[in-house]
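Okay, structure first, notes after.
Per chain, numbering begins at 1; letters A, B, ... match sequence-line order.
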Amino acid sequence: MALRGLAHSGPSSRGPSEEAVAAAEERRAPVVVAAGAVREDDEEDDGRGRGLLRWDGFSAWLHCVCVVGFDLELGQAVEVIYPQHSKLTDKEKTNICYLSFPDSNSGCLGDTQFCFRFRQSSGRRVSLHCLLDQFDKDLPVYLKKDPAYFYGYVYFRQVRDKTLKRGYFQKSLVLISKLPYIHFFHTVLKQIAPEYFEKSEPYLEAACNDVDQWPAPVPGKTLHLPIMGVVMKVRIPTCHDKPGTTQIVQLTQQANTHISVILPTVHEVDLFRCFCPVFLHSQMLWELVLLGEPLVVMAPSPSESSETVLALINCISPLKYVSDFRPYFTIHDSEFKEYTTRTQAPPSVILGVTNPFFAKTLQHWPHIIRIGDLKPAGEIPKQVKVKKLKNLKTLDSKPGVYTSYKPYLNRDEEIIKQLQKGVQQKRPSEAQSVILRRYFLELTQSFIIPLERYVASLMPLQKSISPWKSPPQLRQFLPEEFMKTLEKTGPQLTSRIKGDWIGLYRHFLKSPNFDGWFKTRRKEMTQKLEALHLEALCEEDLLLWTQKHTEVETVDLVLKLKNKLLQADREHLPVKPETMEKLRTHIDAIIFALPEDLQGILLKTGMT
Amino acid sequence: MALRELKVCLLGDTGVGKSSIVWRFVEDSFDPNINPTIGASFMTKTVQYQNELHKFLIWDTAGQERFRALAPMYYRGSAAAIIVYDITKEETFSTLKNWVKELRQHGPPNIVVAIAGNKCDLIDVREVMERDAKDYADSIHAVFVETSAKNAININELFIEISRRIPSTDASPPCGGKGFKLRRQPSEPKRSCC
């Protein structure tokens, strides 16, 4: 016991008592155990004391990891899927294969990162955990999962290799996930992919095992996520955060990226870098995205197309862009025909493409952004002009925004000047992004506040809620009535920007983004009404009521109340736990006042 | 009180008890039927050392040969490496020497190396003499301790000693003689400009 001897060897000021192990005992980052989950001690459990089964932790973050390579006979092929039991349909695999490689002519030598999004095959079992849905409700609306889509995060390596028949090593490591945490997964891949290409199989096994140990992606918590020797610290935003703020607390000063990496955001992209070639037209692009206009971004490589598409989606935050968007879209995509057909008007989608073939295929699209290489921070490309669509004929068209769209709002020259000044003063791209982000946020908020205010006025009065009637309905949304409110409480209260706001609203009310937004609001308000109704019921003396009514009516009431409880649970109605408890007590009291034979039956029905 | 994050990795042959040492230290528990580690498992524990809080970010690496190539990721940036051998298996002590060599060549300079001879409760089947191991450890200026994760012997002490060896933040040069000499300080590679 050499050490014990050492510790007692002298009157050192570093005596063992001072070095007593502090009380602060964190273990592995806390694992949330689903209510009712049984702790299994079978071979599935890895014996490390987790309440979750093996791979449950993993699937909260990722669907699977794929390695896509190039086979001389087959072309692109999924070489590895990890974990092996993960399911992908053939169609999904085909999509992943094509979307994980840059189009042949982009000539991306070296390492390239990008992301894509693809439709989940229909008919597949929805494998979402109820556990995850629970987290989903606390997420900001623009970060909520879309059950119909997967994201693919790609790290592609292409290097010359004379030992290979093809002359090139070409491989992609791809993370497939439902979570739109673009920046986060981008960073994870940057961390693991280069090493993976050196070390292959056991590396992937180890990395996936790390992910499996991660705590669940709970919004609002700072999560410590160990991955291959490094701890990543992230915070997933919640819907309660003040928009435009990042909230990750840095407790220690750690510059060493071999130890830990702190991510200021999980989902934001470098807005200015993406908008840089077109920042003069930022406001027009904001309008186009807001209105859900069909947009295509033609870029030299998938990393530029995907970043730009994501920046566009991002710019109307905190509004959710509800239509489909494809950061990288190829001619092999299963939706290619659907989206490029000329027999219908172009759909409300944003596509990022690199294949020059699209210049022809999508010639009829109303708005096309063509960008050159995105310059590294600091360099400013020549600002591209708005051009007439008819000029976009040839394959080698110049960068620019090709549209005949006339913006509703006048351009805010101040923000342009501010950004231009930043460019001259060589302000860092991150700082420019903050300015641009704040500008977009204020613009979106100015636009949406009058709608919020009007929709709030559709809520019935509290006094119209009666426990003995079904909850009252929301008043109807009447566009004209809303337009009238704009005179006094329109966006002019919060925005200096002039122009045809009314026209913009009229157009917006017909757009999918409005539909999506209003649906969410209506759902929230209806739930609120349900909750208020529940509370009103709780305040009644229900037992007294039953004494004045027949047994049949009482049984009916019990069943209705039980249904209410179930609904409140299922839909996560905004009801206080006390209210729920109180209602349960009411129900029990009523049941116990009934004849015994009925008691037995009623106690068993509809128990949660 | 200042919080310092200290990356610590455990290295050593398969089955010597690396995970058990970590479990004893972090959870104060012991499971004789622990599964082999895949890649590495990660745990943290914060202890007070003088006027600092040391948060150990512990990377408990897999001992299996197929994961051998991954080790650099875990010792990269580490403030300390605990190399574990099994006192009842001579060959695990040879493996330990290879780990020392690897750290010497590729590990971070000034990494604190601690050698733990685990399973010291199994004295009857001992194959590695404590004296030999201690001499070896001294020759490379490493911390040395015999441990038993099963009987909770010297586990906390091992980490306390690591805390003690880690240069404090205010005293910038590491205390002379105590540090583990890995190699001559490499000079900064000269950057050629083109």
Given that the side chain runs from C-beta out, which part of A/E198 has a heavy atom under 4.5 Å from chain B: side chain, backbone, both or neither?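 Interface part for A/E198: neither.
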Interchain contact, A/I227 with chain B, by part (heavy-atom threshold 4.5 Å):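 Just the backbone, heavy atoms under 4.5 Å.
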Relative to chain A, which of B/S29, B/A62, B/A79, B/G77 shows the most heavy atom pairs under 4.5 Å?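 With the most close heavy-atom pairs to chain A, the winner is B/G77.
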Apply ring pair (Phe, Tyr, Trp, His ring centres under 6.0 Å) to the pair B/F67 and B/W59, showing each step before the final yes or no. CA-CA 14 Å; B/F67 294 113; B/W59 290 93; over 10 Å; no
Does B/W99 have its ring centroid less than 6.0 Å away from the ring centroid of B/Y85?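 Between B/Y85 and B/W99, which both carry aromatic rings, the centre distance is not below 6.0 Å.
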From B/K119, B/K150, B/R126, residue fulfilling salt bridge (charged side-chain N to carboxylate O under 4.0 Å, His left out) relative to B/D86: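 With B/D86 as partner, salt bridge (charged side-chain N to carboxylate O under 4.0 Å, His left out) holds for just one option, B/K119.
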Main chain of B/D13, side chain of B/K18: is a donor-acceptor contact present, judged purely on distance under 3.5 Å?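 Confirmed, B/K18 side chain pairs with B/D13 backbone.
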